[in-house]
Structure formats: structure tokens, C-alpha cells
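Every chain is numbered from 1 and lettered A, B, ... according to where its sequence line falls, protein lines coming before strand lines.
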Protein chains: 2
Amino acid sequence: MTPTSVSDASDMLRAVGLSVTAQRLAVYRAVVHLHHATADQICEQVRHEIGAVSRQAVYDALQTMRVHRIVRRFEPAGSSARYETRVDNHHHLICRQCGSMCDVDCAKGTAPCLHPVDDHGYFIDEAEVIYWGTCPDCTPN
Amino acid sequence: MTPTSVSDASDMLRAVGLSVTAQRLAVYRAVVHLHHATADQICEQVRHEIGAVSRQAVYDALQTMRVHRIVRRFEPAGSSARYETRVDNHHHLICRQCGSMCDVDCAKGTAPCLHPVDDHGYFIDEAEVIYWGTCPDCTPN
DNA sequence: TCAATATATTGACAGAGTCCAGATTAGTCG
DNA sequence: CGACTAATCTGGACTCTGTCAATATATTGA
């Protein structure tokens, strides 16, 4: 994997019209670096990188990037929110034992799997899928 | 829909080997009555019915019933946990505007849709699906 | 560089859920 | 029926995520 340079991250921010601050750069890079990280983990990582940030700045940055679609958030049951930089339609695979997570491509290819058996008249714009199970490391024998 | 009598609920509890208490009865009936209710809503409903309960008793009862598979819990992003008495494999449809929720049968019929494009070696036991969209009442025109 | 605007910091606060220790109650056995 | 023992319930403190609001600071563009 290509290491994310500062300029990659700032290009990303500029590309969507956001001003570039040290905090946002570090937050974006943390999200790239730590896959499926929680806000807390991102906070820690950012502090490693730039010394200090407020929790609020991290939440703000994540929220802003989310609105600009360069960061995505999901909330697995029993966990706090997770952030990722892969923003296309995809799903997640989570181990009930150790909590490890993998990305999975959308089950129906590029078209999102937006068609339930009965849509009850709803206009559906997203199908969020989480596959729960046991990862290879946690499977006995 | 058949109204849930006290004996329905106590039969349910006994059927899975749980002792029958006023609190559990009321909690179970509340979950039946209020579809997709939060713990807090259940608490209120139970208080209406039997006068008083501790929050803890409600959480304990829900947890116990969950373990015994007569109550199911799910946690839509941005909401606290929801409880329901329908325990077979099914999914949910949620309105982003008003938060209304519907049950949807499993997309693949009785067999759960347990097959992602790539399972990364995980043993999958559940596919949790939430369809996000706009309900008829919230759709303009 | 400077001003206007957007961000960041700080500290208080809220909601959901859990932990713990002691009191109470249900189910069981003699 | 009465007492025993395990299961439940109560109340209160506490943790963890996340948000709000006011003030201070940095970024951007002229």
C-alpha cells in the first residue's frame, strides 16, 4: 500500500473545498492508517502525530469530512462508531469473538442491493449490511 | 392482532425456563406492544402497567430474554438499541426523516442471506441488513 | 499583511448503558 | 405450610460516546 503523504491528505481536503488545518490532516491520515477506527483511536493517533488535539476537533473534522464524502462512518451493534476512507458501496464482516473487521464488496456488484422483498412504499437509498461471524483466527481447530 | 394476555407472556417465559416475575411479564408485554421500542420506552410502558420498575430490572429482563431468544435487539446507527419479539431472520427498513421502522422478510427467503462476495475465511452466522430511505409519509408530493 | 471567516479549544452537559452491594422475592424441598 | 437458597430487584454511582456553547486561534484571499 502506498503510504499516505501529507500532500495526499491535503489534496483530498482541498479537492472537496475544505480548508487545510494540521488537525484535519492528521485526522484524515489517521482514518486512512487505522482501518475502521473509533473516534477515540483516531484521537490518540492524531496526538501521536501532532502532539495534541481536542476531542471536539476530531469529532468536528470527522463530521465535516463525512458531509464531504471523503470519510464514511458506520456503527456496528455493541461498538462505538467506526470511520473509514473507503466511501463506495460496500459492507462489513465482523468477528463476534475478537471484533476484527473486513470490508466486503457489495453482494450485488456495483448496483447496491437496494431491493427488499417488500419495500413498504419506502424510497430506499442505502442497504447497510453487516455480516456477523467468527474470523479464521478465532475459529477452533 | 391478538392482544397479548398475561398468560401468553408467562407461558413464553415458562417455555424457556425463566421464572415469572411481574417485571418480566410487563417487560415482555411492553416489547410485544410497542414495536421496535427503546429500553427507555419499555421502561415507561412497564411503569404504566405495574407502577414502578428500576431501569436495571428492565435491562436485566431484556438481556435475559435475549439470551433465551424470545426477544431480539438491534441497534440502528444514530439510535439507542431497539427490542422486538419477532426473532426469526428478518431485516429492517428505516426512514431517515421520521425514524419510522418496518420489518422486512429476509431477502433470500427462509435461508438467511449469509453469502458475501468474499467471506475472508470467516464463519458467518448472521447477516444484519438495514435498508435506509424515506417512508411514504415523508416523501414529498 | 490584514481583515473576514472558518476552525480549534475548553469545559460543561446529556443519553445510554453497566457495575455493585444490599434488600427482596420466587420456586423448591422437607 | 415454613424455611431455605438462588434468582431478582433496587438505588445510586459511574463510564463511555458524543454534543453544545462560548471564547480563542488559525487559514484564506484580497
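The CD1 atom of A/Ile50 sits 10 Å away from the C1' atom of C/dA8 (whole-angstrom rounding). Between B/Glu44 atom CD and C/dG15 atom P the separation is 13 Å, expressed in whole Å. Look at OH on A/Tyr59: it is 17 Å from P on C/dT10, rounded to the nearest Å. Atom CD of B/Gln63 and atom P of D/dT8 are 12 Å apart (whole Å). Taking atom CG of B/Leu13 as the reference point, atom P of D/dT8 lies 10 Å away to the nearest angstrom. The separation between B/Glu75 atom CD and C/dG15 atom P is 18 Å, rounded to whole Å. C/dG17 atom P lies 13 Å from atom CG of B/Asp60, rounded to whole Å. What separates CG of A/Leu18 from P of D/dT28 is a distance of 11 Å, to the nearest Å.
Residue contacts shown for B/Ser19 are limited to sugar-phosphate atoms, with no base heavy atom under 4.0 Å away. Residue A/Gln23 is classed as a sugar-phosphate contact, given heavy-atom separations below 4.0 Å to backbone atoms only. Within the 4.0 angstrom heavy-atom criterion, base atoms lie near B/Arg55. Note on B/Ala61: nothing from the nucleic acid sits closer than 4.0 angstrom, heavy atoms only.
Inter-residue side-chain proximity for A/Phe74 and A/His36 is flagged as met; some heavy-atom pair is nearer than 4.5 Å.
Between the side chain of A/Arg82 and the backbone N or O of A/Arg73, no donor-acceptor pair lies under 3.5 Å.
Here B/Thr21 does not reach the OP1 or OP2 of D/dA7: none of its side-chain N or O atoms lies under 4.0 Å away.
If you check C/dT9, D/dG18, C/dG17 against the side chain of A/Val53, the one that comes closest is C/dT9. Closest approach to the A/Ala57 side chain among D/dT10, C/dT9, D/dT27 is made by C/dT9 (side chain taken as heavy atoms from C-beta onward).
For B/Arg14 and A/Gln56, each mapped to the nucleotide of DNA chain C holding its nearest heavy atom, the one lying further toward the 5' end belongs to A/Gln56.
At a threshold of 4.0 Å, the pair B/Glu49-B/Arg47 does not count as salt-bridged, since none of the basic side-chain nitrogens sits closer than that to a carboxylate oxygen. The pair B/Arg96-A/Asp125 counts as a salt bridge, with a side-chain nitrogen and a carboxylate oxygen less than 4.0 angstrom apart.
Looking only at atom types and distance, the side chain of B/Glu84 has a donor-acceptor partner in the side chain of B/His92 under 3.5 Å away.
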